Amino acid sequence: MLTLLNKIFTWWNHDTFGTRLKTIFFGKYVGKDNFNNKYYESKNGKRWVIYSGEIDASKIPVEWYSWIHFTSNKIEKNHDLKKYDWQKPHQHNLTGTESAYYPNKNKDAIEKKYKTWKN
């Protein structure tokens, strides 16, 4: 019972009940990416994504970014792009976590080139 209520009223866990109904009745399955996110489109042109696991907009890979944002692109129809050796794998948005990037995290490593003015 609690799982059903979570599914109906909470959007941050996964897709809501309304999104599920919209997908069943009006959505046409377009494809999925390597993170198992599923992409849908309606007859009137609206597009949406059903995330697998945690909902995070940064989980949309480059191949699907132009499609979901209606950006015309020559490779839009081909979502299985060749990955080059120099391309890094996708990373989640780490903002607000211990693993976040802080350019001046180690303040002792860089000495100031000026002295702070004191009264």
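Note that the structure is predicted; figures quoted are calculated from it, not measured.
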Worksheet item: Hey, mind stepping through W64 and V49 against side-chain contact (heavy atoms from CB on, under 4.5 Å) and telling me if it holds?
Response: CA-CA 10 Å; W64 287 94; V49 59; over 6 Å; no

Discussion item. Who clusters with L94? Use side-chain heavy atoms, under 4.5 angstrom, across I, L, V, M, F, W and Y, and order the result by chain and number.
Written reply: none

Practice prompt. Using a cut-off of 6.0 Å, state whether more than 12 heavy atoms not belonging to N44 lie near its atom CG.
Written response: yes

Item to complete: With sequence neighbours left out, write down each residue that passes side chain to side chain contact (heavy atoms under 4.5 Å, CB included) with T19, or none if nothing qualifies.
Response: D15, T16, T23, I50

Worksheet item: Does a sphere of radius 6.0 Å around OH in Y29 hold more than 12 heavy atoms from other residues, nucleotides or ligands, not counting ones at 6.0 Å or beyond?
Response: yes

Fill in: For F35, ring-ring contact (aromatic ring centres under 6.0 Å, His included) partners two or more places apart
H90

Item to complete: List, by chain and number, the other hydrophobic cluster members for W86, where Ile, Leu, Val, Met, Phe, Trp and Tyr join if side-chain heavy atoms come within less than 4.5 Å, directly or indirectly.
Response: Y84

Practice prompt. Using the test side chain to side chain donor-acceptor pair (under 3.5 Å), find all partners of S99 that sit at least two apart in sequence or belong to another chain.
Written response: none

Worksheet item: To the nearest 0.5 Å, what is the distance between CH2 (W67) and CZ (R47)?
Response: 5.0 Å

Worksheet item: For F25, which residues count as a side chain to side chain contact (heavy atoms under 4.5 Å, CB included) partner, sequence neighbours excluded?
Response: L21

Worksheet item: In chain order, what residues pass the side chain to side chain donor-acceptor pair (under 3.5 Å) check against N34, with sequence neighbours excluded?
Response: none

Fill in: Atom pair CD/CH2 of E41 and W48 - distance to nearest 0.5 Å
8.5 Å

Item to complete: Taking side chain to side chain donor-acceptor pair (under 3.5 Å) as the test, write out the residues that go with D33, two or more places apart.
Response: N37, Y39

Worksheet item: So how far is it from I24 CD1 to F26 CZ, rounded to the nearest 0.5 Å?
Response: 11.5 Å

Practice prompt. For the pair K22 (side chain) and S42 (backbone), establish whether a donor and an acceptor sit closer than 3.5 Å, ignoring hydrogens and angles.
Written response: no

